[in-house]
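What follows is one structure encoded as structure tokens, with my remarks underneath.
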Amino acid sequence: MSGLMGLTWRLLRGGGRRGLLGAALTVIAVAVSTALLLFAVTANFAFQGRADREAWRNPVGATGKAVAIEAVHTDYVRDQTITVVDLAALEPGAPPPPGLARFPAPGEVWFSPGLAELAGRLPADQLAARFPAKIGGTVGDEALVHPGELVAVRGQRPDSRPMTGSDGRIAGTTAPAGAAVPPTKISDFTGEPTGTAAAYQALGLVASVLMVVPLLVFGGAAARLTVARRDQRLAALRLVGATPGQVVTMTVTEAVITAFGGAVLGTVLYGLSIPLITGIEIAGGTWFVSDAWPGVLPVLAALVAVPLLVGLSAVIGLRRVVVSPLGVARRETPPAMRFVRVVALLAILAVVPSLGVGAGAGMIAVVLGLAFLAVNLVGPWVVALIGRITARTARRPARLLAGRRLMDDPRAAWRTVSGVAMTGFVAGFIGFLSPDSGLFGAANATDLHLSVPSSQVAAATTEARERLSSAGILAGVDVRGDGRTRVLTASLQERDTETVDRARTALDGLVPGHAATSAADEERSNRLLGDIGTGTVTVLAVSFLVAIASAGITAASSILDRRQTYALLRLAGTPLEVLNRARRAETLIPLTVMGGGAIAIGVFCALPFAYSVMNLTGVITLLGCVVLGFAGVIGAGAASAPLLRSVTTDPAPRPD
């Protein structure tokens, strides 16, 4: 075995300049795949981390002995959201919440760093006056969803109004209407993920599938780069007496060595890109560095799994060498692919209409992943069909050469365009679902609303007028609605943000557990739709990186694989421009067909989740995908033209 390892290492090192170039292309392809794979996996850990850090603000009611009361509501300043947590200890020694060194005493407030900085910067009547003057300490990062989040934790007495409800009843018996979380008796701060956090986790899982599947396909294809050169070399070894087991061992060793080098390089690239990743703003904020690091075990798993995947893909590609090395030496055309590939795709698409908004995130992820893989499975079959049609209808030499090449090796042609085709699937899926940014229009930001129990309407209206007048704010105050809870509206005559924040401060505490909010605040707090747009851009950016890298690397490796054929064609008098046109046609014809087909399949998979017709944002996303995809593939093909000129300049046999 050690002799085979040594021989493999010698062949890898002594493969000549172009042999080393082929190995370098594999290393680059695996490095790109590994870096983006870590990003896709880390996204799920990051959303899980946010959900865990936020859980203490979504308390679970005590089933046994209660030690504290917790209430949470949302306030606003400028265009930012403040999470206000009121806590009251029911007995000495109550456990402190995460991020606080001790339980907050009655009458003091703990600020997050971002809120402390903002409270010190703005005039007191616009923010700081809403909170007690006594500062207890700083809320630590382990209690914050994201850096810079605005959080205030106020200490209260158990019998104070925020802890008992606006009508003075005992906490836990009646929830003040409109409060985010009513006063709740708790035994600890275990909490549970909020509905919003769960929604982000589900979207993160779907986004990961949209990114991971093309990466796995690209990583597997990396094992088959420069496959013709390796097949010929291994077939020669088989013909001189090497056993199938020895050939497989040598192939796996070579693939794993190069893939491990690429995986290590990809891990380093991902580590260097963490500062950029943490700057992506989702759910109102950026990310902690710890969110962008998946942990030691996931990284080690990637360093093991990626080389194994590449090695497995290399073994699968060895079938021709092991079964018929003479066929490889004679360059026989491989057998045609079966129609069963199309049947597999149709079977998976038949399941899609049964999905819907009510389907679990796991089921959606599985179906999308299978649809992805089925597109990759059927791709070479369609390319071979396109090749036959192109060859039969060709009127020029370049088109005839392209058609014959597509028929001869459809898998290699598919590897060149598969990245953009996969991106078309992603764009078709999320482009159809992306909400229009102007879905809600421009909401009113100056009429402040406050929920008031009907029994307190008269007193609250009078006090609101007095508070606003004392603060020097001109506003009309009226009450609308009916039932147990009514809405007090303060219509401000001055509409600048400073006046709005002064009015919020003046009305703070008028109804415990409630903050004065505007329609714009409600729209701003619903960040999920806007974040889908950010996620769309992120997923498409990752997909395009994969697509363009795939197109460039496979175009170069294809030239190395077929350098003897290209050289012989040049010797026979074929102009270099004809060869370049043939290469472009060989790429663009299947790209047009498969790119359009992948977009159509992506749109079909998105239909069960669509709640409206395709909006302008979705159309622009699709058009941008098509333009960038074609431009990227054309550019990648043009970049490899000097390599084609180089390998055809001197067609003499080389040692490698």
TODO: Starting at CZ of F339, measure out to CG of L346 and round the result to the nearest 0.5 Å.
DONE: 6.5 Å

- [ ] Just jot down the side chain to side chain contact (heavy atoms under 4.5 Å, CB included) partners of L644, sequence neighbours excluded, or say none.
- [x] I559, Y566, L576, L579, N580, R583, V647, T648

Task: Nearest heavy-atom neighbours spanning P590 and A585 - done: CD-O, 3.9 Å

Task: All side-chain hydrogen bond (donor to acceptor under 3.5 Å, both in side chains) counterparts of R399, not counting sequence neighbours - done: none

Open item on the list: To check you understand the geometry: which heavy-atom pair defines the closest contact between I348 and A374, and what is its length?
Closed with: CD1-CB, 3.7 Å

Open item on the list: Under the rule for side-chain hydrogen bond (donor to acceptor under 3.5 Å, both in side chains), what residues qualify as partners of T34, not counting sequence neighbours?
Closed with: none

Open item on the list: Give me the atom names and distance for the closest heavy-atom approach of P575 to R570.
Closed with: C-CD, 4.5 Å

- [ ] Could you grab the distance from atom CG of L308 to atom CZ of F260, nearest 0.5 Å is fine?
- [x] 11.0 Å

- [ ] Hey, could you give me the CG/CG distance between L303 and L38, rounded to the nearest 0.5 Å?
- [x] 7.5 Å

- [ ] Under the side chain to side chain contact (heavy atoms under 4.5 Å, CB included) rule, collect the residues that match up with A292, sequence neighbours excluded.
- [x] Y270, I274, I277, T278

Task: For L349, side chain to side chain contact (heavy atoms under 4.5 Å, CB included) partners two or more places apart - done: L345, V352, I601, F604, C605

Open item on the list: Can you give me the closest heavy-atom contact between L377 and A344, atom names plus distance?
Closed with: CD2-CB, 4.2 Å

Task: R395 side chain to T393 backbone, donor-acceptor under 3.5 Å - done: yes

TODO: Quick one: which residue pairs count as a salt bridge (charged side-chain N to carboxylate O under 4.0 Å, His left out) with a foot in residues 343-353, not counting sequence neighbours?
DONE: none

Open item on the list: Quick check: do L203 and F47 have side-chain heavy atoms less than 4.5 Å from each other?
Closed with: no

Task: Euclidean distance, N376 CG relative to R341 CZ, rounded to 0.5 Å - done: 9.0 Å

- [ ] Could you list the residues that satisfy side chain to side chain contact (heavy atoms under 4.5 Å, CB included) with P298, not counting sequence neighbours?
- [x] F45, P294

Open item on the list: Side chains of T258 and V30, heavy atoms from C-beta outward: is any pair under 4.5 Å?
Closed with: no

- [ ] Might you point out which heavy atoms bring A384 and M407 nearest each other, and give the distance in Å?
- [x] O-CG, 4.3 Å

Open item on the list: Which residues pass the salt bridge (charged side-chain N to carboxylate O under 4.0 Å, His left out) test with R584, not counting sequence neighbours?
Closed with: E577

Task: Set of salt bridge (charged side-chain N to carboxylate O under 4.0 Å, His left out) partners for R404, sequence neighbours left out - done: none

Task: Nearest-0.5 Å distance, OG1 of residue T390 to CG of residue L401 - done: 12.0 Å

Task: Partners meeting side-chain hydrogen bond (donor to acceptor under 3.5 Å, both in side chains) with S208 (sequence neighbours left out) - done: N44

Task: Closest non-hydrogen atom pair, L269 against A31 - done: CD1-CB, 4.4 Å

